Amino acid sequence: MTVQIKTTEEIEKMRLAGRLAAEVLEMIAPFVLPGVTTDELNQRCHEYIVNEQQAIPAPLNYHGFPKSICTSVNHVVCHGIPNNKPLKEGDIVNIDITVIKNGYHGDTSQMFGVGEVSEKAKRIMRISHECLFKGIELVKPGTRLGDIGFAIQHHAETLKCTVVREYCGHGIGIGFHEQPQVLHYGKRGSGMPLEKGMTFTIEPMINVGKRHVKLLDDDWTVITKDRTLTAQWEHTILVTDDGVEVLTKRSDENF
Ligand code: MF3
Ligand code: CO
Ligand code: CO
């Protein structure tokens, strides 16, 4: 399948799906505290999406994924499965929310510090957030995917961090994962030029240690091979006439 350009009607649906996904993160934020289990966070998000939003949690049963959200703690890079282990003071956790509303997907994730966290943890959360924004600020018609990947990789590596290569951002719409693949590393001037009406995610996974990852036996949980800390932030974005619209913007964010 090639890269789709969304129609005005589709863009309206993407705006709604994106807003709902962002609102789940806003809803769950005050519950991310020492002692809460990621199962409890999953349950709260599930009920909110299904009952309040009348939407569908996209991860549930996606290629067999067993829960409604992903929760990735400390050295877990992505696709962490909520479980009954309580979060503890000093943990960092990525909560990744994808909802389907009226057939369209909105996908966004955010890092949370659990109680007081170390300076090292704050630093990797900050750098991965900066990487996301280095990517977003380049988005406009004519920018190439490689420009985005380069900017993210350059920022991370300048600060002696590394970029996970095995997972990437993606086109999004009726499909959870559509074309194109949005790599978080690359060469300036390479790759496909962006066009107005494309919708895709940027979701850099940035490690403190080496870039290499390992898939656990549950076939979902991805960890850093060297068990060092990792962090990720994700937005779903739309390419507009002259720039970008962040479809999963939260009210605490200003663009
Ligand atoms: N939300 C993830 C992404 O950003 C995908 C999760 S797939 C799942 O693309 F099955 F693990 F939920
Ligand atoms: Co995504
Ligand atoms: Co996601």
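Remember, it's a predicted structure, so these values are computed and weren't measured experimentally. Numbering of ligands and ligand atoms starts at 1, following listing order.
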Do the side chains of R123 and I127 get nearer than 4.5 Å, heavy atoms only?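 Yes, their side chains come closer than 4.5 Å.
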In this structure, does ligand 1 have an atom that sits under 4.0 Å from one of the heavy atoms of Y167?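 Flag not set, Y167 not near ligand 1.
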Return yes when K67 approaches ligand 1 closer than 4.0 angstrom through a heavy atom, no otherwise.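 Contact absent.
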Suppose I only count heavy atoms of [X] and a 4.0 Å limit; which atoms of ligand 1 are within that range?
X: E203; answer: 3 (C), 4 (O), 9 (O)
X: W220; answer: 8 (C), 10 (F), 11 (F)
X: T98; answer: 1 (N)
X: F65; answer: 8 (C), 10 (F), 11 (F), 12 (F)
X: H177; answer: 3 (C), 5 (C), 9 (O)
X: P59; answer: 12 (F)

Which segment of D107 sits under 4.0 Å of ligand 1 when only heavy atoms are counted: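 The part of D107 near ligand 1 is the side chain, not the backbone.
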Using a 4.0 Å heavy-atom threshold (strictly under), name the region of C70 that reaches ligand 1: side chain, backbone, both or neither.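 The side chain, only.
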Candidate list V32, T71, N84, test side chain to side chain contact (heavy atoms under 4.5 Å, CB included), partner T38, passing option: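 The passing option is T71.
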For T224, which of V164, L229, N74, N207 qualifies under side chain to side chain contact (heavy atoms under 4.5 Å, CB included)?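 Checked V164, L229, N74, N207 against T224; only one passes side chain to side chain contact (heavy atoms under 4.5 Å, CB included): N207.
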Check for a donor-acceptor pair, side chain of T158 on one end and backbone N or O of H154 on the other, with a separation under 3.5 Å.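 Yes, T158 side chain to H154 backbone: donor-acceptor pair under 3.5 Å.
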ILVMFWY cluster membership beyond I56 - transitive side-chain contacts under 4.5 angstrom: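 Its cluster partners, ordered by chain and number, are I100.
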Does H79, backbone or side chain, put an N or O under 3.5 Å from an N or O of ligand 1?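 Such a contact does not occur with ligand 1.
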Can you confirm whether [X] is buried at [atom1], in the sense that more than 12 heavy atoms of other residues, nucleotides or ligands lie under 6.0 Å from that atom?
X: H129; atom1: NE2; answer: yes
X: R165; atom1: CZ; answer: yes
X: R44; atom1: CZ; answer: no
X: Q181; atom1: CD; answer: no

Hey, mind stepping through V76 and V222 against side chain to side chain contact (heavy atoms under 4.5 Å, CB included) and telling me if it holds? CA-CA 6 Å; V76 178; V222 179; 5.8 Å; no
For the residue pair [Y] / [X], report whether a side-chain donor-acceptor contact shorter than 3.5 Å exists.
X: H105; Y: T98; answer: no
X: E26; Y: S251; answer: yes
X: E166; Y: H212; answer: no

Among protein heavy atoms, which sits nearest to [atom], and what does the distance come to when rounded to 0.1 Å?
atom: atom 7 (S) of ligand 1; result: Y62 CD2, 3.8 Å
atom: atom 2 (C) of ligand 1; result: D96 OD2, 3.4 Å
atom: atom 5 (C) of ligand 1; result: F176 CZ, 3.6 Å

I need the protein N, O or S atoms closer than 2.8 Å to the Co ion (ligand 2), given as residue plus atom name.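 Within the sphere that stays under 2.8 Å of the Co ion (ligand 2), the protein atoms of type N, O or S are D107 OD2, H170 NE2, E203 OE2, E234 OE2.
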